[in-house]
Amino acid sequence: MNEARLRSLLREAPIPVSEDSERRGLEVLEAALAEREPRRAPVTSPRRLALALAVAALLGALLLSPAGAAVRDWVDDVLTTAPRPGPGLAKIPGGGRLLVQSRSGPWVVQADGSRRLLGNFEEATWSPRGLYVAAASGRTLTALKPDGTPRWSLSAAAPVSDPRWSPSGYRIAYRSGGGLRVTDANGTRDRLIDPAIAPVAPAWSPLGLSQLAYVGADGSLRFADGESRRMIERARALPGIKRLEWAGETLLEASATALQLRSISVSKLAQGIEVGPPRGLPLPAGATVRDATLSPDGEKVASVLGVRGRLGPRGLVVVFDDGGGGRRLFNAPGRLSEVAWAPHGGRLLIAWPSTDQWLFLPTGRGEGRSVSEVSAAFAPGARVASFPRIEGWCCSGWIGQRG
Amino acid sequence: MGTESGAVEQSEWPGPLPARRERALVREAQGGSRSALAALYAAHWRRAHRAAYLIVHDAAVAEDVAQDAFLAAVGALDRFDRRRPFAPWLHRIVANRAIDWARREALRRRVDGAGEREQLARPPEGLGEDVMEALAELPAEQRAAIVLRYLLDYTPGEIAGMLDLPRGTVNSRLRRALDRLGTQLEAER
């Protein structure tokens, strides 16, 4: 035996590798590349700099002048009227695929508007790249392909709810019997993480190996390792918390009347977590939070609020940036119920049950789209159709193209 | 699906990319080209993954370490100096993260007692099984030195730069590791 033999052994000895790991890794990497800020060329020309300064000064003067107030209002409130309702769902504006829960079960809606009922499940969630769906029904957790083909089922001792697939694709967390459980994504190694948690869906770390956040039965915000089951960190959760989300380096907590953010710093390999102090988001007086969700990069929060107008209840869509500044995007009479980000951000899907519509609104400039008769689209043949729930909008366009 | 395991990677060793080709791919990836990124990934993933596995001896963690290293590389692409080769930059990240994880895991085992990980850490049977087991017995720092020297062919001076160590420390780690591996290597003779 010599060094050459050692080299040969190190290079040729068989090592375990999961079948899809290389491909999965590339998908994650390509998504990271797509989300990367494009490199900006430095401004070197003094003339261009001077021109930019002049334009900025002119804009500033306009916005501060009485006449500019109207412009400022328009910038604040991008859309004040709903887009004209279009016919049924013929195409998803912005692409991607939707997972929609109706009374008859979850549906997958393809980018071209075609849709398929997956089966008799009570709720469902996408896998991170939309290759699978995890669905819960009674005491059963099932993984299936978006075409409805089941892959495996897991029977729990108690009813299953709130399945959440980890961003790595390796694990699924869910609530059952008042506790939090995690199973490997092939339905094996089901384990109990915490025997007593609050009825709030857990949130996986977008970066870490296996960390997840959840709310304990005592109302505390907890971070645990879904592999070793070790408790990593604990903090005080927003009182009355109903929703927890984790994206980028931000954690969102939402109750019926408040929204707050925390910065989360994860040491991926050390499996340590630093939880920042809560920062409340400013809401209009008397507003109720119908729904709120973090943008895919964790830098914005889209919220649907209920407010009391002079002529009755109104729905308000407000987008907050990371600094906490809010921008009204849309307001409408009646009730807005849900909001979901497009996979790449830049567009929101708003549920407007009062008018049986979905609204696809750009968060910047651009044209909004409206889809009418949503209920009937997910209740074919039914006399009375209820408005469906949006479970998720998935995934990057290039993945969707692969089906 | 997430963890369909059981496949075994064996005997693949793509040659390095020509320097000019690699520089072009890095430049295109910096500009957002997915195909360039895929080409870089194809050229480097298996080597990075194998290096990570030989240091951490855990299949799932090795995949995460390799992926994490690529993600870190993509995150820092704009700052990457294209005149320098890509592989040492990537391997430096892989080695250091794998060492960090292995140290942490060793500490956790001391605190919690040996558990599930030990079962996962058993290497697959086959070629060089004894050597793999002997390698797994080495401290993570020595494993990393062996992997960088004999798997990835870096010189002790280069390894010292990658691990931020004096060259003498790298030499002594290599010597001690080879001594400890000696029993198994001799036994195979």
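Keep in mind that the numbers below use all heavy atoms, side chains included, and drop hydrogens, waters and symmetry copies. To find a chain, count down the sequence lines: A is the first, B the second, and so on, and within it residues start at 1.
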K.L.:
Find out whether B:Tyr150 and A:Arg11 are in side-chain contact, i.e. whether some heavy atom of one side chain is under 4.5 Å from a heavy atom of the other.
P.N.:
no

K.L.:
Do any N or O atoms from the side chain of B:Tyr41 and from the backbone of A:Leu26 form a donor-acceptor pair under 3.5 angstrom?
P.N.:
yes

K.L.:
Over all heavy atoms of both residues, which pair between A:Pro14 and B:Met132 is shortest? Give the atoms and the distance, please.
P.N.:
O-CE, 4.2 Å

K.L.:
About how many Å separate OG of A:Ser8 and CG of B:Leu151, when rounded to the nearest 0.5 Å?
P.N.:
11.0 Å

K.L.:
Among all residues two or more places apart in sequence or in another chain, which pass the side-chain contact (heavy atoms from CB on, under 4.5 Å) test with B:Asp164?
P.N.:
B:Arg92

K.L.:
I'd like to know whether CD of A:Glu249 has more than 12 heavy-atom contacts from other residues, nucleotides or ligands below 6.0 angstrom.
P.N.:
no

K.L.:
Check whether B:Ile146 gets within reach of chain A through its side chain, its backbone, both or neither, counting any heavy atom under 4.5 Å.
P.N.:
both

K.L.:
With heavy-atom distances below 4.5 Å as the criterion, would you say the side chains of B:Asp153 and A:Arg7 are in contact?
P.N.:
yes

K.L.:
On a heavy-atom basis, which atom in A:Leu6 and which in B:Leu178 lie closest, and how many Å separate them?
P.N.:
CD2-CD2, 3.8 Å

K.L.:
For A:Arg191, does the CZ atom have more than 12 heavy-atom neighbours from other residues, nucleotides or ligands under 6.0 Å away?
P.N.:
yes

K.L.:
Side chains of A:Ile15 and B:Arg50: does their closest heavy-atom pair fall under 4.5 Å?
P.N.:
yes

K.L.:
Suppose we screen for side-chain contact (heavy atoms from CB on, under 4.5 Å). Which residues come up paired with B:Ala24, at least two apart in sequence or across chains?
P.N.:
B:Arg27, B:Glu28

